[in-house]
Amino acid sequence: MLLQSTVRALGVRGAAPVGVSARHRSTAAATPLDATAAADAAAARSAEWERAKPYHAIPGPKPFPLLGNLPRLLPKIGQYGKYEIMDMQKQLRKDFGDIVRVSKIPGRKDMLFLFDPKTAEKMLRNEGVWPIREGIKTLHYYRTVLRKDKYEGVYGTITSQGKEWQDFRSKVNQPLMQPRSARRYFAPIDEVAQDFIGRMRDLRDENMELPAGFINELYKWSLESIALVALDTRLGCLAPNLAPDSEPQRMIDAVQVMFEGFYKLDLQPSLWRLVSTPMWRRLVHAFDYFYDVAEKYVDEAVAKQKTNPDKEPSILERLMKEDPRVAKVMASDMLFGGVDTTSHLAASLLFHLAKYPNVQRKVGEEVRRVLPAKRSPVTEDAMEQMTYLKACLKESLRVFPIAMGNIRETQKDIVLSDYQVPKGVDVFLCHMVMSHDEQHYPRPMAFEPERWLRGGPQAHTAHPFTTMPFGFGPRTCVGRRFAELEVLTLVAKVLRNFWVEYHHGDQIEFSSRSINTVTLPLKFRLVDHE
Ligand code: HEM
């Protein structure tokens, strides 16, 4: 339970299984030739399994009698639990190598940590058609038990598994992931970013610095932006003095309660399953509010569509056509997945640009060329041309990925790093450790966007599975297009309007809870460009 939700929601596209065990052979074969090939492949896989070392031989911390590895994982005092999650992973790797098994943890399955991109690739390519990623337990319980009647068997992407996940995901994939879906959101997302630039200007103190708690303002920006997609509306989060009982303020409050609740109840030891703790009650209240707001806007979208049936439908309208229950739950999932992630990505990218003035100068020139005026909109065409800015985003996600890694449960026996790994083990793909590894990226902690300029002299040659910021396969992030669009639009506009400095630390400081969050006071100094 200690690390049960180390990973929030991380996923991707499936490919042909590679290392299936003898016990889980594929049987279908279209022709006699195919049948021969399939039999040969199965025999090879079987031989691979037979040759591999046994599961129990995988290196890892030795469990104590009775308590197993629990003492080593206790927060603050345990040999590994005393670290932040990423440092814990680094320590495990240092102590045991590229594959580490942490077994005998009371109340949870074994955990296997992978630090080698080739092994990570093999694991992901064998994730199956319905990849299993451990979900957020509180949200799952809320949807499937506490408010079962409201959800009527439609539980969304974040927490469901197996066929139930596939049924839902297949309904939302097209509307959310087609490139044409993002197109209609360029203008509204630009408008939100433009409003936010005005707000940033107003928030500066006499030294031209933003307040220490600027991350809360970024939450408002990201909530306002993702609500455009999830709820087809401008919530009004950027208004200067929100009334405490206004809808945007209550949404912002609910988002904060959720971050706190996921951390305290999902990540830390808690009795919420046994007794209704005050935090659990607050969390339920926040979930209820989210659901009610989503329901209200979905109903409004139904009415709008009826009055204007010829208009190109929005994502919400397309989802609603599919099934209004899907639209409501997906709207909530977008709000859950799309606020803290994009805010911390924007914060970390701005931090890196502030700390690397040469990079900022170069990307600033690109932005000024593409956006001639301070208020020039970031159109699809403009976005196409900002290749260096996109490289900066990729590099920011390598140095500081918002999701530290990914997690998959093995769905069949598989050989990983020459060890037999049985079905049902939670495998942690430690991408952040891999992307900080010198053997993959020289000067790993330096922010060098040139690594991402394809064909350029400094283009990286690392294995592609070292860094996977949005996951992989059929479970990959559904919001990727929108996350990138929002952050690139905002940062382009910031650079078009200001020179950005940061004078309160040289290294990014962060906490790795369910996601990596920047903990530095975000007192960026913004100097207006002429
Ligand atoms: C910086 C921004 C973001 C990052 C780094 C990020 C990262 C991720 C990762 C790593 C996963 C897991 C994928 C896997 O298991 O392979 C994921 C899943 C997910 N993300 Fe994002 N995400 C971001 C923004 C968003 C946004 C804006 C939305 C809202 C539309 C969103 C909605 C989701 C949902 C619903 C899932 C669950 C997908 C499933 O299990 O089928 N994310 N995200």
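Numbers here simply count residues along the sequence, with the first being 1. Just so you know, ligand 1 is whichever comes first in the structure, and atom 1 is the first atom listed for that ligand.
Side chains of S343 and S222: a donor-acceptor N/O pair is present below 3.5 angstrom, by distance only. Checking E84 against S512 by side-chain atom types alone, a donor-acceptor pair falls below 3.5 Å. At a cut-off of 3.5 Å, with distance as the only test, no side-chain donor of D87 or Q91 sits close to an acceptor on the other residue.
Salt-bridge formation is detected for the pair E395/R398: a Lys NZ or Arg NE/NH1/NH2 atom is positioned less than 4.0 Å from an Asp or Glu carboxylate oxygen. Ionic pairing of E217 and K220 is present here: one or more N-O contacts between side-chain nitrogen and carboxylate oxygen are shorter than 4.0 angstrom. Here R234 pairs with D195 in a salt bridge; the nearest charged N to carboxylate O distance falls below 4.0 Å.
If you look at R133 next to ligand 1, the close heavy atoms, those under 4.0 Å, all belong to the side chain. Residue contacts with ligand 1 for R408 involve side-chain atoms from C-beta outward but no N, CA, C or O (heavy atoms, distance under 4.0 Å). Contact annotation for R169 and ligand 1: only side-chain heavy atoms (C-beta onward) come within less than 4.0 Å of the ligand. Using a 4.0 Å cut-off between heavy atoms, W165 contacts ligand 1 through its side chain alone, with no backbone atom that close. At a heavy-atom cutoff of 4.0 Å, ligand 1 is contacted by both the backbone and the side chain of F470. At a heavy-atom distance under 4.0 Å, atoms from both the backbone and the side chain of T341 approach ligand 1. With a 4.0 Å heavy-atom cut-off, ligand 1 is reached by the side chain of A403 but not by its N, CA, C or O. Under 4.0 angstrom from ligand 1, the non-hydrogen atoms of N406 all belong to its side chain.
Atoms of ligand 1 found under 4.0 Å from any heavy atom of V478 (numbered from 1 in listed order, with element): 32 (C), 33 (C), 34 (C), 35 (C). Shown in contact with L345 at under 4.0 Å from a heavy atom are these atoms of ligand 1, numbered in order with element: 1 (C). Applying the 4.0 Å criterion to heavy atoms of G471 picks out, from ligand 1, the atoms 10 (C), 13 (C), 14 (C), 16 (O). The atoms of ligand 1 that sit less than 4.0 Å from any heavy atom of P469 are 5 (C), 7 (C), 10 (C).
With R481, M404, M334 as candidates, the residue nearest to atom 30 (C) of ligand 1 on a non-hydrogen basis is M334.
Applying the side-chain hydrogen bond (donor to acceptor under 3.5 Å, both in side chains) test to pairs two or more places apart or on separate chains, those with a residue in residues 344-353 are Y219-H344.
Taking the side chain to side chain contact (heavy atoms under 4.5 Å, CB included) definition, one finds that K264 meets it with E260, Q268, M279, sequence neighbours left out.
Listed for the E317 side chain is a donor-acceptor partner under 3.5 Å among the backbone atoms of S314.
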